[in-house]
Protein chains: 2
Amino acid sequence: MAPKRSQTELAVLGALSLAPMSGYRVRAEILSTVGHFWAESFGQIYPALARLEAAALVSRDDSGRYLLTDRGRLRLAELLREAPESAPPRNGVLLRLFFGRKLGVDGCLELLDRMEHDVALKMRTFAEIRAELDPSDPDERFALITVSAGEHNGRATLAWIAESRIALAAAPPASPASDAGPESAAR
Amino acid sequence: MAPKRSQTELAVLGALSLAPMSGYRVRAEILSTVGHFWAESFGQIYPALARLEAAALVSRDDSGRYLLTDRGRLRLAELLREAPESAPPRNGVLLRLFFGRKLGVDGCLELLDRMEHDVALKMRTFAEIRAELDPSDPDERFALITVSAGEHNGRATLAWIAESRIALAAAPPASPASDAGPESAAR
DNA sequence: CTCCCCATGTAACTGGTTACATGATTCA
DNA sequence: TGAATCATGTAACCAGTTACATGGGGAG
């Protein structure tokens, strides 16, 4: 029912609710604040701004920056109350691990190594963001909650990786990757 | 470089590596095994099968079921070794929480309630799946690892929800949703 | 003067979902 | 014999990324 489009508009209206800014800045703002869990590209943002302006949800000040109108603020509140739709999941790492028999234990371990590295990086940026946020500022309290989501998730992923390494090491009673196909000899 | 298309083909080839089956069954198989972290629709699967057959990666047996050719098995091993690309994140709940100031604490709490409910459901299905898997079967070991990923994630999410409820309850020194807009009086 | 960042936009392409059309088989 | 499930496909639509084209403004 609710078109996905409204999700992009939600992000744009939300960004503009923080301050008036150019389309370029909207994208930068989205990247630097909700970027960890929400992505938008120029190809989405500019058309969205055009639609929003046509619908009088945003307008432009004398220096060209976009800002919310009263209708825009209403619309933002409305969109925030709509049920969040989550994108259909597509986790390439899990997909590969599921077929780990064909990939081989070594391949699985490599996947976990890469993932651990990526998560560790993310955790560091979370720590930086957290350090810059002021927990007593009522606005930033909400930002802190989203950072915390990332941290919980990251810690869980790291724990799962450690556990999975052990499970994989215990695995190879069967001949490893015995049906990986004819190329297994060439490897 | 690697077109996303290959990700769908990976899923289809992977399903067929378990057993020969019809396109309809491929979809059912994907749903019931990797469905928690990977989605495919008919509109993707049938064209993919047609392409794969044209490329001689799959063929059909006398009863019409698709099965992997040797080339198909090779291609599967190749795709499994390719770097997994993860879809750009789009978490509607976190997006809304980030703008929680405009949504109001009550709205945030509702989001958390719904999410908790959803996660609890998922955790139950994970438990069921785990109960049906045999940890000594080398094939199902890999399935177990993916289930475990879901469980770790779910537990982390539940912990984060509990923590966030407390953070939200401690929040309202400022007048709640003071700039939610003109409708705040009507609410 | 040149390079880099700010800024706005568009076109082409890909990926993906949804809904529809169609018919066979199974089973109560 | 009717309902449910299995099965195959297609058309329309939507969403989203990427790459390109274009130009202003400031810093070195």
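Order of the sequence lines sets the chain letters (A, B, ...), proteins ahead of strands, with each chain counted from 1.
The structure places CG of B/L97 at 8.0 Å from CZ of A/F37, a figure rounded to the nearest 0.5 Å. Annotation: the span from B/L79 atom CG to B/L74 atom CG amounts to 11.0 Å, rounded to 0.5 Å.
B/E9 has its CD atom 12 Å from the C1' atom of C/dG15, to the nearest Å. Between the P atom of D/dG9 and the CZ atom of B/R27 lies a distance of 16 Å, rounded to the nearest Å. Atom P of nucleotide C/dG15 and atom CZ of A/R90 are separated by 10 Å, given to the nearest angstrom.
Residue pairs meeting the ring pair (Phe, Tyr, Trp, His ring centres under 6.0 Å) criterion with at least one member in residues 103-126 of chain B, sequence neighbours excluded, are B/H36-B/F126.
Residues A/Y46 and A/L31 are members of separate hydrophobic clusters, defined by side-chain heavy-atom contacts under 4.5 angstrom among Ile, Leu, Val, Met, Phe, Trp and Tyr.
Listed in residue order, the members of residues 38-66 of chain A having a heavy atom less than 4.0 Å from DNA chain D are A/S41, A/G43, A/Q44. Listed by residue number, there are no residues of residues 91-98 of chain B with a heavy-atom contact under 4.0 Å to DNA chain D.
Salt bridge A/R90/B/E40: present, at least one basic N to carboxylate O contact under 4.0 Å.
Under the side chain to side chain donor-acceptor pair (under 3.5 Å) criterion, A/R124 pairs with no residue at all, not counting sequence neighbours.
Taking a 6.0 Å sphere around CZ of B/R114, one finds it holds 12 or fewer heavy atoms contributed by other residues, nucleotides or ligands.
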Given B/D113 and B/R165, is the salt bridge (Lys or Arg N to Asp or Glu O under 4.0 Å) satisfied, shown in steps? CA-CA 9 Å; B/D113 287 347; B/R165 282 212 187 93; 3.0 Å; yes
I'd like a table of atom pairs between the protein and nucleotides 3-6 of chain D - only N or O on both sides, under 3.5 Å - with the distance next to each one.
unit_1, atom_1, unit_2, atom_2, d
D/dC6, OP1, B/R25, NH2, 3.4
D/dC6, OP2, B/Y24, OH, 3.0

I'd like a table of donor-acceptor pairs (distance under 3.5 Å, sequence neighbours excluded) in which one partner is a side-chain atom from residues 11-30 of chain B, with atom names and distances.
unit_1, atom_1, unit_2, atom_2, d
B/S17, OG, B/G14, O, 2.6
B/S22, OG, B/R25, N, 3.1

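Residues B/M115 and B/L111 are not in side-chain contact: their nearest non-hydrogen atoms beyond the backbone lie 4.5 Å or more apart.
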